[in-house]
Every structure is written in structure tokens, then in C-alpha cells.
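What follows is a short report on a single structure.
Quick note: residue numbers are just sequence positions, from 1.
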Amino acid sequence: MSTILSVRGLNAYYSLTQALRDVSFELVRGGITTILGANGAGKTTTLRAICGMVKVTGEILLDGKRIDRLSTEKIASLGVAHVPDGRGTIGALTVEDNLRIGAFTRRDREVSSDIQKCYDYFPRLRERAKQNAGELSGGEQQMLAISRALMLRPKVLLLDEPSFGLAPLVIRDIFAILRAINATDKVSMLIVEQNARLALGLADHASLLETGSIVMSGSSAAIQENDAIRQSYLGY
Ligand code: ATP
């Protein structure tokens, strides 16, 4: 099993606040890793650091090559797509235009067929193709945000709390589709979540972040069996 993304000794600061402390983990090629943690643990900062949106010390390697000094645009063009918290879709543009924007780094002619592929994964978006994104429900906006990221044809998909604010049935559908995308398109995924039960059900590997430090890492199965995690994060 090879590694697609390595994060080594990452430190990040917001003026005097240290948000990440010596954070290290790896994402296996084709795998799904989750980073779990409570509010303010540093989950969003970790994803923003990988995308070049937060200054860090330490190393981030994609396919063995350093990306931690590159611009966000360059990192995206190398195949790292980010589905941010708040989703980041453009409300005043149609669903279809949002998807075209997602392909901004691409030079190939397969953009239209990839839009159809997104619609196959999320048929609700096909029905709403000509509607403005701002008119979509929360669940549909999350589907659009994921689809827009897929339009980059990413090697690595970074997802920031994809379950946030959504109804249980919608969450179930979205997570099932993420699993299908991972299996079919071999997109490696890094998902940060507060909903540990959900994330551990999807991911094969997990790390636990507490006040900026990774305090535990292992297979999802092993983490699920850990008593401290069960009590603090799974509530049983
Ligand atoms: P949540 O689940 O609440 O989104 P999180 O695990 O994603 O939390 P981060 O958003 O990464 O946590 O925040 C980590 C720490 O950095 C927190 O102490 C937070 O207050 C601080 N922080 C985050 N963004 C900023 C910012 N723009 N300016 C100053 N401090 C920040």
C-alpha cells in the first residue's frame, strides 16, 4: 500500500494561538482517513493547511513531492480538491456553472461528460441544473460542493464535516455516495468530522485530534474498540 499524502510535523499559528502542534499522519492511496476531534481541535486548520490556505511549518507531501510552499491554485491543479465547511458554492450561479468552475484547472475536453457523471451520482443536481445554487437545500448544496470538487478530477478529496447541519437520511445518502466514489473512481479521501460514529463507519483509518495534537491513530476498527474513544466520542 503506497502513501498518497504525508503530513509531517505540522505546526500552524493564528497570531499567538497555536492551532496545530506537530501533527503527522498519512493517507493511503485509494484509502479513506478520518480526523476526529471536538470543536476547536484543529480539524479545519489541518485541511486548510494542506490546501495552502494557512501558513505552516513542517512538511506536506503529495505523491512524495513537497506541496507545503505552493499556492492554493497550484495545489488544486496537482489534484487536491477541498470541500470546505460552509460548502463554498456560489449562490448566484446555477448548479451547472458551479460545476464548470470546479473544472477551472483542467485543459481537457471531458468536462461535460464529467458533469453528467456528477449528475449520475447525485440525480437531484440534474433536476436542479439550471437553478441557482443559493436556492438549493442544505443537502443539495453539500452534494453540489462535493461534485464541484470532483470536477477537478482530484487524486485527494478533502472534506470538512460533510454531515454538518444535515438530516440523518440525507447524511446516509451522501456518505453512501462518497463510498461509491472512493470505490469506483479510486479517489483518496481525508474527512474531518465531529460525528465519530459516521466517520468511523466510512473510513478505514482514523486519527484523533485534541487541542491541535494527534493523540491517537489506528485502523477505524481499532479506534472504535478503544474505551476512551467510545466514551468520549461515541457515547456508549
Ligand atoms: P470546529 O469543529 O468547531 O470547526 P476545528 O476542529 O475545525 O473546530 P479549527 O477551526 O481548526 O478547529 O480551529 C483550531 C483553533 O484555531 C481554535 O482554537 C480556533 O479558535 C483557532 N482559530 C481558527 N481559525 C482562526 C482564525 N481565523 N483566527 C484566529 N484563531 C483561529
Would you mind reporting whether [Y] and [X] have side-chain heavy atoms less than 4.5 Å apart?
| X | Y | result |
| --- | --- | --- |
| Asn226 | Leu208 | no |
| Val187 | Asn182 | no |
| Leu125 | Ser147 | yes |
| Pro162 | Phe175 | yes |
| His205 | Val28 | no |
| Leu62 | Ile4 | yes |
| Ile50 | Val80 | yes |
| Arg126 | Asp120 | yes |

Regarding [X] and [Y], does a basic nitrogen lie under 4.0 Å from an acidic carboxylate oxygen?
| X | Y | result |
| --- | --- | --- |
| Lys65 | Asp63 | no |
| Lys43 | Asp85 | no |
| Asp185 | Arg153 | no |

* More than 12 foreign heavy atoms under 6.0 Å from CZ of Arg66: is that the case here? -> yes
How far apart are the closest heavy atoms of [X] and [Y], and which atoms are they?
| X | Y | result |
| --- | --- | --- |
| Ala49 | Ile60 | O-CD1, 3.6 Å |
| Thr45 | Ala12 | CG2-CB, 4.0 Å |
| Ala149 | Pro154 | O-CD, 3.5 Å |
| Leu198 | Ser163 | CD2-CB, 3.5 Å |
| Ala76 | Leu152 | O-CD2, 3.4 Å |
| Gly9 | Ser24 | N-OG, 2.8 Å |

Hey, is the main chain of [Y] close enough, under 3.5 Å, to the side chain of [X] for a donor-acceptor pair?
| X | Y | value |
| --- | --- | --- |
| Ser6 | Glu26 | no |
| Thr72 | Cys51 | yes |
| Asn11 | Asp22 | yes |
| Asp160 | Val83 | no |
| Asn98 | Ile90 | yes |
| Gln141 | Ala133 | yes |
| Gln18 | Leu20 | yes |
| Arg148 | Gly88 | yes |

Would a single hydrophobic cluster contain both [Y] and [X], if residues Ile, Leu, Val, Met, Phe, Trp and Tyr are joined by side-chain heavy-atom contacts under 4.5 Å?
| X | Y | answer |
| --- | --- | --- |
| Met216 | Leu200 | yes |
| Val192 | Ile223 | no |
| Leu70 | Val56 | yes |

Rounded to the nearest 0.5 Å, what's the gap from [atom1] on [X] to [atom2] on [Y]? Could you check?
| X | Y | atom1 | atom2 | value |
| --- | --- | --- | --- | --- |
| Ile75 | His82 | CD1 | NE2 | 11.0 Å |
| Gln116 | Glu110 | CD | CD | 13.5 Å |
| Leu99 | Lys117 | CG | NZ | 13.5 Å |
| Asn195 | Phe164 | CG | CZ | 11.5 Å |
| Leu209 | Arg21 | CG | CZ | 10.5 Å |
| Ile67 | Leu78 | CD1 | CG | 7.0 Å |

* Go through the steps to decide whether Leu150 and Asp114 satisfy the test side-chain contact (heavy atoms from CB on, under 4.5 Å), and finish with yes or no. => CA-CA 9 Å; Leu150 289 176; Asp114 279 4; over 6 Å; no
* **Test log, rule side-chain contact (heavy atoms from CB on, under 4.5 Å), inputs Thr46 and Val7** => CA-CA 9 Å; Thr46 302; Val7 169; 5.6 Å; no
* Asked: What pairs with Thr94 under side-chain contact (heavy atoms from CB on, under 4.5 Å), at least two apart in sequence or on another chain?
  -> Glu96, Asp97, Asn132
* To do: Only counting residues at least two apart or in another chain, list the ones meeting side-chain contact (heavy atoms from CB on, under 4.5 Å) with Ile177.
  => Tyr121, Phe122, Ile181
Do any side-chain atoms of residues 32-39 form donor-acceptor pairs under 3.5 angstrom with protein atoms, and if so which ones, sequence neighbours left out?
residue	atom	partner	partner atom	Å
Thr34	OG1	Ile191	O	2.9

